[in-house]
Amino acid sequence: MSLSSTNRDGVLIITLDEPERRNPLGHPVRKALVSMLSAAEADASVGAVVLTGAGGHFSAGGDIRDQKSVETVIGARDRFLVIKELIGRMVRFPKPLVSAVEGWAAGGGLSLAIACETVVAADTARFAASFGAIGLVPDLGILATLSARVGQGRAQRILLDAARLDAAEAHRLGIVDHLTGEGEALERAMEIAREAMRAAPLPRALIKDYFAAEVDRALDFERQVQPFLMLSADAKEGREAFFEKRAPVFQGK
């Protein structure tokens with residue numbers, strides 16, 4: 001199991017827990033996150049959730065090994081139903097939902113972190129919008145969530161350039177809400193989650209539901225185009241280049 005959880009005084013800590021691979025977000029992990037968040041929403045003993053990663057990193061993003069098993073457009077579209085459920089649930093989660101980022105949050109890891117309402121990061125954290133490097137469009141709702149945080153122009157530049165950002169720049173742009181020292185992101189996220197638990201729950205849920213509409217549109221777009229891209233020659237080249245540790249040569253096919 002690549003996820004673990006613990007309830008600490010009403011704050012559920014969900015940990016992406018495959019540190020030897022920097023906590024990739026394969027299909028089974030996404031399904032498990034849906035189940036954990038659903039249970040947390042219904043559990044009266046859980047007042048807030050903090051999402052973090054094990055081993056000094058948040059997440060390296062999508063599991064490229066897992067992507068190799070996708071052989072049909074229908075199979076890929078089914079996977080994106082799980083993504084839509086996961087991100088849709090996160091952006092509407094009625095309880096405080098905070099991400100605690102140490103090390104890398106890359107690709108889908110960045111998407112997952114900013115699907116939380118509050119992002120806490122160590123000052124040594126790193127962020128990468130690396131989707132294009134494997135021939136795919138940005139997914140897990142980031143077309144909407146990043147635009148909401150930094151504005152459409154900056155979001156477009158970050159995503160088109162597959163930008164890499166240090167924590168200070170991510171904080172300046174608004175990707176990160178709170179900076180803290182190395183190794184301290186989880187404890188600071190716990191403090192913020194506990195503070196947020198004092199707010200009235202109904203307005204919180206309604207406010208988040210209002211802002212989720214644009215994320216829904218991004219998720220529908222992903223499900224339309226990403227399955228075809230995953231089966232493209234460029235995506236295959238991107239995966240092979242990743243495993244061979246070389247620059248990909250894309251041909252627009």
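Small disclaimer: the values here were computed from a predicted structure and weren't measured.
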inquiry  = Just to verify, what does Glu187 make a side chain to side chain donor-acceptor pair (under 3.5 Å) with, not counting sequence neighbours?
reply    = Arg8
remark   = Scanning both residues in full, the closest heavy-atom pair of Val29 with Leu3 reads O-CD1, 3.8 Å
Test: Arg89 and Glu41 ion pair at under 4.0 Å = yes
Closest non-hydrogen atom pair between Val137 and Gln226, with its separation = O-NE2, 2.8 Å
request  = Drop me the distance from Met230's CE to Arg79's CZ, to the nearest 0.5 angstrom.
outcome  = 6.0 Å
query = Do the non-hydrogen side-chain atoms of Phe127 and Arg164 ever get within less than 4.5 Å of each other?
reply = no
query = By salt bridge (Lys or Arg N to Asp or Glu O under 4.0 Å), which residues pair with Glu214, not counting sequence neighbours?
reply = Arg217
request  = State whether Glu117 and Arg204 are salt-bridged, where the test is any N-O pair (Lys NZ or Arg NE/NH1/NH2 against Asp/Glu carboxylate O) under 4.0 Å.
outcome  = yes
request  = Could you tell me which non-hydrogen atom of Asn23 sits nearest to which non-hydrogen atom of Leu16, and how far apart they are?
outcome  = OD1-O, 3.1 Å
message = If the test is side chain to side chain donor-acceptor pair (under 3.5 Å), which one of His178, Glu182, Glu184 qualifies with Thr180?
response = Glu184
inquiry  = Can you give me the closest heavy-atom contact between Leu37 and Met90, atom names plus distance?
reply    = CD1-CG, 3.6 Å
ask   = Which atoms form the tightest heavy-atom contact between Glu195 and Arg188, and what is the distance?
value = OE2-NH1, 4.2 Å
task = Determine yes or no for a side-chain-to-main-chain donor-acceptor pair under 3.5 angstrom, with Ser99 supplying the side chain and Ala113 the backbone.
result = yes
task = With sequence neighbours excluded, tell me which residues meet side chain to side chain contact (heavy atoms under 4.5 Å, CB included) with Leu206.
result = none
request  = Answer yes or no: is there a donor N or O on one side and an acceptor on the other, between the side chain of Arg149 and the main chain of Gly174, under 3.5 Å?
outcome  = yes
request  = List the atom of Val249, the atom of Glu237, and the distance in Å for their closest heavy-atom pair.
outcome  = N-OE2, 2.9 Å
inquiry  = Using only atom types and a distance under 3.5 Å, with no angle test, would you say the side chain of Gln152 pairs donor to acceptor with the backbone of Ser147?
reply    = no
